[in-house]
Amino acid sequence: MATIAESIGPGLANAALAGRVDGVLVDTSFTIDNDSEVAIITERDQDGVEVLRHSCAHLMAQAVQRLYPKAQVTIGPVIENGFYYDFAFERPFTPEDLLAIENTMQEIVKENLQVERSVLPRDEAINLFREMGENYKVEIIEDIPGEEPLSFYRQGEFIDLCRGPHVPSTSKFKAFKLTSVAGAYWRGNSDNEMLQRIYGTAWGSKKDLKQHLERLEEAEKRDHRKLGKQLELFHFQEEAPGMPFWHPRGWLLYQTIQSYMQQKQREHNYLEINTPQLVDYSLWEESGHAAKFSEEMFSVESDNRMYAIKPMNCPCHVQVFNQGLKSYRDLPMRLAEFGSCHRYEPSGSMHGLMRVRSFVQDDGHIFCTEEQIQSEVADFMELLFEVYRDFGFNDIILRLSTRPEKRVGSDEIWDDAEQALKDALNATGLEWQLQPGEGAFYGPKIEYSLTDCMGRNQQCGTIQVDFFTPGLLKAQYVAEDSSRKEPVMLHRAVLGSFERFIGVLIEHYGGAMPTWLAPEQAVVLNITDKQAGYCQKVEDSLKNKGFRAISDLRNEKIGFKIRHHTLMKVPYLLVVGDKEMESGTVAVRMRSGKNLGTMSIDDFSNHIGQEIARFGRTEKKAA
RNA sequence: GCCGCUAUAGCUCAGCCGUGGUAGAGCAGCUGACUUGUAAUCAGCAGGUCCCGAGUUCGACUCUUGGUGGCGGCACCA
């Protein structure tokens, strides 16, 4: 491989990190023994960067073992933007250790150690690592199935079991940084001991590394927890961990989204209901949730009765369905609820609004026949795409999760349900991913993830087929032949939970919500006290037209007020001085700083009205 | 829940270890002056059970220890 690179040019030979032979990534030392399609991989290829990251994990492990010979190595894979390596060590690594490790890594880079691949039979490999005291590696090797010899990579005194490929020498690293240290369970199992995981990031060039660090900074600025405080949207406090207190501005945002969803669901023929917060524990036993989730359910005892604070809405929706005898003519029956739920989420799992203990789902359950699944799923997707588009999300990832090993229902029913979901997915004309075995035990499901402006995927919507719950809770309808049948139940949510979705929105927009969602759409600013009365008139006039407007009549300089409301991300700042007062106009400035000039109140109302009517849709530019 | 880190004024943060003697700044708030034209007017005032409990000490924001919350991960997520 290296010879080929050399034959093309010394620059390429130097830049070569790995090669690709007939589509398979190999080391530069790989020998090609027949006619093959060959490519040289450098830091400019995504594959090259991945090889670099993987090798960087080895580089880090080598540095750790030089500094701390007692540390045992385990695994060190590539992750998005970087890598990590898990170590077993007698004490936790400190930030100072991280610096020392990074310095040692730089030294090893300077040493320009050759990275050499070798192959050992399993027994020899086990003996080698056992002698080195690397018990975790021994365990890994023992668990690898098959009898083939295993490949190893050596650089200087360091050797690691690895499939490869790796960079040819330790001199190839140009831009890396250790980012954090954290605990992680051995083999990802919480029954096992905890190891020390060091995270790092590595790039093909210093410029790429810098850009990555800047992206992290940008993400930090957009952090919804930070913006939630700055923009006075919500807060958390110790007395109610994981339960948001919504402030006036945050609640306006929340309610705007809720009314929007209410309207959308009405258009899609949902019937909105509301069910109790406390329901006797027996219902949760009947539904099977108590058996599985009792640890995560809040409960309340009153008058010698045990109630659960509802962790989900499904059983309650079945109760509503069960009232009165239902006929096949009633199906499909679409029940929707903005259902407030409480779950005792593990303390370490909570994260701002993204994972909370009290939340409201835009929940819905469709009771239908098996034949109706496909059309119901198709209609749901139409709703979901409309909604996501209105919120400004155009890139949606679709995933179908199919039957797991442990499941209820016959294979025929699963065949039909999975087919119905596939047909509905195919009908969208979009690509979708298959996640075999990832479905719930009661039925297959589709998950919808949207891509935010930072390129992160956020799973929000879902639709799940359920063959099981209606039977448990005795839901029935009278079929055409007057027999009693169990309906199929579809669980579905578009936003998922309001809390999480708002968290996603805040980060996506960096707090600058599109005008239709902004808690305050326009603020009227006077230049001197003289225009206070006129300001009030402008505010009232906008409010009468249904806009969310406020006035700021404080005795402050106009620059001060503009700065303040720009920081609060109010979309429109209406400046009013003597000139505007006399002509009955407003001077319109956007939060971006752009000046739209002076216009009449009606013109401004039309402008903002049209913008609101477009929601957050981002027009795809027509050719 | 697990590993590590962390908690000082409404907010953002100093001070804390070496060297234990109950605290400072900026912004926000209040008062006054100024009446101002597109991202911070000036001056003054007020504001803290230093997260909670226990211990060590003559004395604890500071040291030790136990809680609780938060942060970074892991595990979990109906």
Side-chain angles (χ1 to χ4, degrees), chain A residues 79 84 86 89 91-95 97-98 179-199 220 223 225-226 229-230 232 235-242 284 287-297 310-315 341 343-352 354-357 359 361 363 440-442 445 459 462 464 466 468-469 491 496-497 500 525-532 554-568 573-580 587-598:
Chain A
I79 51 172
Y84 67 78
D86 286 347
F89 192 39
R91 65 166 177 88
F93 292 115
T94 65
D97 293 336
L98 242 58
T179 48
S180 64
V181 54
Y185 295 110
W186 166 233
R187 301 207 145 173
N189 185 335
S190 57
D191 294 333
N192 291 342
E193 66 272 31
M194 195 155 253
L195 307 170
Q196 301 288 324
R197 173 171 300 178
I198 301 178
Y199 284 93
E220 207 174 308
D223 189 311
R225 294 167 298 187
K226 200 169 168 177
K229 206 179 265 179
Q230 279 170 13
E232 295 165 20
H235 88 270
F236 290 93
Q237 68 184 50
E238 209 170 330
E239 288 77 2
W284 307 104
S287 71
H289 292 104
K292 209 171 166 206
F293 294 109
S294 66
E295 294 283 297
E296 286 81 38
M297 282 160 66
K310 74 172 167 182
M312 59 187 327
N313 309 298
C314 332
C341 297
R343 295 178 188 173
Y344 189 79
E345 300 287 0
S347 56
S349 69
M350 289 182 303
H351 180 90
M354 299 300 193
R355 183 96 176 260
V356 284
R357 286 187 178 157
F359 56 96
Q361 297 174 317
D363 207 357
F441 70 95
Y442 50 70
K445 65 179 174 186
Q459 200 241 304
T462 181
Q464 314 188 351
D466 183 352
F468 191 53
T469 309
H491 306 252
S497 86
R500 185 175 145 73
L525 311 173
N526 58 340
I527 288 176
T528 70
D529 291 346
K530 221 168 118 190
Q531 304 95 24
R554 289 177 298 174
N555 177 16
E556 296 286 355
K557 284 193 161 176
I558 194 67
F560 176 89
K561 293 201 245 189
I562 284 172
R563 178 180 152 81
H564 178 257
H565 296 285
T566 302
L567 290 174
M568 293 303 279
L573 313 180
L574 309 180
V575 176
V576 161
D578 285 342
K579 275 185 285 179
E580 288 77 15
V588 183
R589 180 189 162 114
M590 301 203 290
R591 63 187 159 199
S592 62
K594 191 176 169 194
N595 201 325
L596 295 188
T598 302

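Below, chains carry the letters A, B, ... as their sequence lines are ordered, and counting in each starts from 1.
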(message) Judged by each residue's nearest nucleotide on RNA chain B, which is more toward the 5′ side, A/Phe93 or A/Glu239?
(response) A/Phe93
Do any N or O atoms of the protein come closer than 3.5 Å to N or O atoms of nucleotides 51-54 of chain B, and which pairs are they?
none

(message) Would you compute the distance between atom CD of A/Glu296 and atom CZ of A/Arg343 and round it to the nearest 0.5 angstrom?
(response) 9.5 Å
(message) Quick check for you: to the nearest 0.5 Å, what is the distance between A/Phe441 atom CZ and A/Asp466 atom CG?
(response) 7.5 Å
(message) Would you say A/Tyr185 and A/Glu193 are linked by a side-chain donor-acceptor pair, where the criterion is simply a distance under 3.5 Å?
(response) no
(request) Dot-bracket for RNA chain B, please, read 5' to 3', with Watson-Crick or G-U wobble pairs under 3.5 Å on both distances, ( ) within the strand, [ ] crossing, | other strand, . unpaired. (result) (((((((..((((.......[..)))).(((((.......))))).....(((((..]....))))))))))))....
With rounding to the closest Å, how many angstrom separate the [atom1] atoms on [N] and [M]?
{"N": "B/rC61", "M": "B/rG4", "atom1": "P", "answer": "27 Å"}
{"N": "B/rC58", "M": "B/rU22", "atom1": "C1'", "answer": "15 Å"}
{"N": "B/rA60", "M": "B/rA23", "atom1": "P", "answer": "13 Å"}
{"N": "B/rU62", "M": "B/rC52", "atom1": "P", "answer": "10 Å"}
{"N": "B/rA54", "M": "B/rA78", "atom1": "C1'", "answer": "41 Å"}
{"N": "B/rG15", "M": "B/rC3", "atom1": "C1'", "answer": "30 Å"}
{"N": "B/rG44", "M": "B/rU38", "atom1": "C1'", "answer": "29 Å"}
{"N": "B/rG69", "M": "B/rG26", "atom1": "P", "answer": "35 Å"}

Review item, nucleotides 11-14 of chain B N/O atoms under 3.5 Å of protein N/O:
{"from": "B/rU12", "atom 1": "OP1", "to": "A/Lys229", "atom 2": "NZ", "distance (Å)": "3.3"}

What is the distance, rounded to the nearest whole Å, between atom [atom1] of [X] and atom [atom2] of [N]?
{"X": "A/Arg554", "N": "B/rU31", "atom1": "CZ", "atom2": "C1'", "value": "16 Å"}
{"X": "A/Leu98", "N": "B/rG4", "atom1": "CG", "atom2": "C1'", "value": "12 Å"}
{"X": "A/Gln230", "N": "B/rC27", "atom1": "CD", "atom2": "P", "value": "17 Å"}
{"X": "A/Gln237", "N": "B/rG10", "atom1": "CD", "atom2": "P", "value": "13 Å"}

(request) Verify whether the ring centers belonging to A/His565 and A/Phe560 lie closer than 6.0 Å. (result) no
(message) Protein within reach of the bases, or only the backbone? For nucleotides 70-77 of chain B, mark each nucleotide 5' to 3' as B, S or -, using heavy atoms under 4.0 Å.
(response) SSBBBBBB
Residue list, salt bridge (charged side-chain N to carboxylate O under 4.0 Å, His left out) with [X], at least two apart or on another chain:
{"X": "A/Arg589", "result": "none"}
{"X": "A/Glu345", "result": "A/Arg355"}
{"X": "A/Arg197", "result": "A/Asp86"}
{"X": "A/Arg554", "result": "A/Asp552"}

Measure from the side-chain N and O atoms of [X] to the backbone N and O of [Y], and report whether any donor-acceptor pair falls under 3.5 Å.
{"X": "A/Asp223", "Y": "A/Glu220", "result": "no"}
{"X": "A/Ser287", "Y": "A/Trp284", "result": "yes"}
{"X": "A/Arg500", "Y": "A/Gln459", "result": "yes"}

(request) Check every strand shown and say whether A/Glu556 touches a base, only sugar-phosphate, or nothing at a heavy-atom separation below 4.0 Å. (result) base
(message) One pair to check against side chain to side chain contact (heavy atoms under 4.5 Å, CB included): A/Met568 and A/Gln230. What are the steps and the verdict?
(response) CA-CA 8 Å; A/Met568 293 303 279; A/Gln230 279 170 13; over 6 Å; no
(request) Can you sort out the partners of A/Phe293 under ring pair (Phe, Tyr, Trp, His ring centres under 6.0 Å), two or more places apart, ordered by chain and number? (result) none
(message) Run the side chain to side chain donor-acceptor pair (under 3.5 Å) test against A/Thr179 and tell me which residues pass, sequence neighbours left out.
(response) none
(request) Not counting sequence neighbours, which residues clear side chain to side chain donor-acceptor pair (under 3.5 Å) with A/Asn313? List them please. (result) A/Lys310, A/Gln361, A/Asp363
Using nucleotides 37-40 of chain B, report all nitrogen or oxygen pairs with the protein that are shorter than 3.5 Å.
{"from": "B/rG37", "atom 1": "O6", "to": "A/Asp578", "atom 2": "N", "distance (Å)": "3.1"}
{"from": "B/rG37", "atom 1": "O6", "to": "A/Lys579", "atom 2": "N", "distance (Å)": "3.3"}
{"from": "B/rG37", "atom 1": "N1", "to": "A/Glu580", "atom 2": "OE1", "distance (Å)": "2.8"}
{"from": "B/rG37", "atom 1": "N2", "to": "A/Glu580", "atom 2": "OE1", "distance (Å)": "3.2"}
{"from": "B/rG37", "atom 1": "N2", "to": "A/Glu580", "atom 2": "OE2", "distance (Å)": "2.5"}
{"from": "B/rU38", "atom 1": "O3'", "to": "A/Arg589", "atom 2": "NH1", "distance (Å)": "3.3"}
{"from": "B/rU38", "atom 1": "O2'", "to": "A/Arg589", "atom 2": "NH1", "distance (Å)": "2.7"}
{"from": "B/rA39", "atom 1": "OP2", "to": "A/Arg589", "atom 2": "NH1", "distance (Å)": "3.4"}
{"from": "B/rA39", "atom 1": "N7", "to": "A/Arg589", "atom 2": "NH2", "distance (Å)": "3.3"}
{"from": "B/rA40", "atom 1": "N9", "to": "A/Arg563", "atom 2": "NE", "distance (Å)": "3.4"}
{"from": "B/rA40", "atom 1": "N7", "to": "A/Arg563", "atom 2": "NE", "distance (Å)": "3.1"}
{"from": "B/rA40", "atom 1": "N7", "to": "A/Arg563", "atom 2": "NH1", "distance (Å)": "3.2"}
{"from": "B/rA40", "atom 1": "N7", "to": "A/Arg563", "atom 2": "NH2", "distance (Å)": "3.2"}
{"from": "B/rA40", "atom 1": "N6", "to": "A/Arg563", "atom 2": "NH2", "distance (Å)": "2.4"}
{"from": "B/rA40", "atom 1": "N1", "to": "A/Arg563", "atom 2": "NH2", "distance (Å)": "3.2"}

(request) Check A/Leu596, A/Leu573, A/Thr566 against A/Met590 for a side chain to side chain contact (heavy atoms under 4.5 Å, CB included) and give me the one that passes. (result) A/Leu596
(message) I need the minimum non-hydrogen distance between A/Ile558 and A/Asn526, along with the two atoms involved.
(response) CD1-O, 4.0 Å
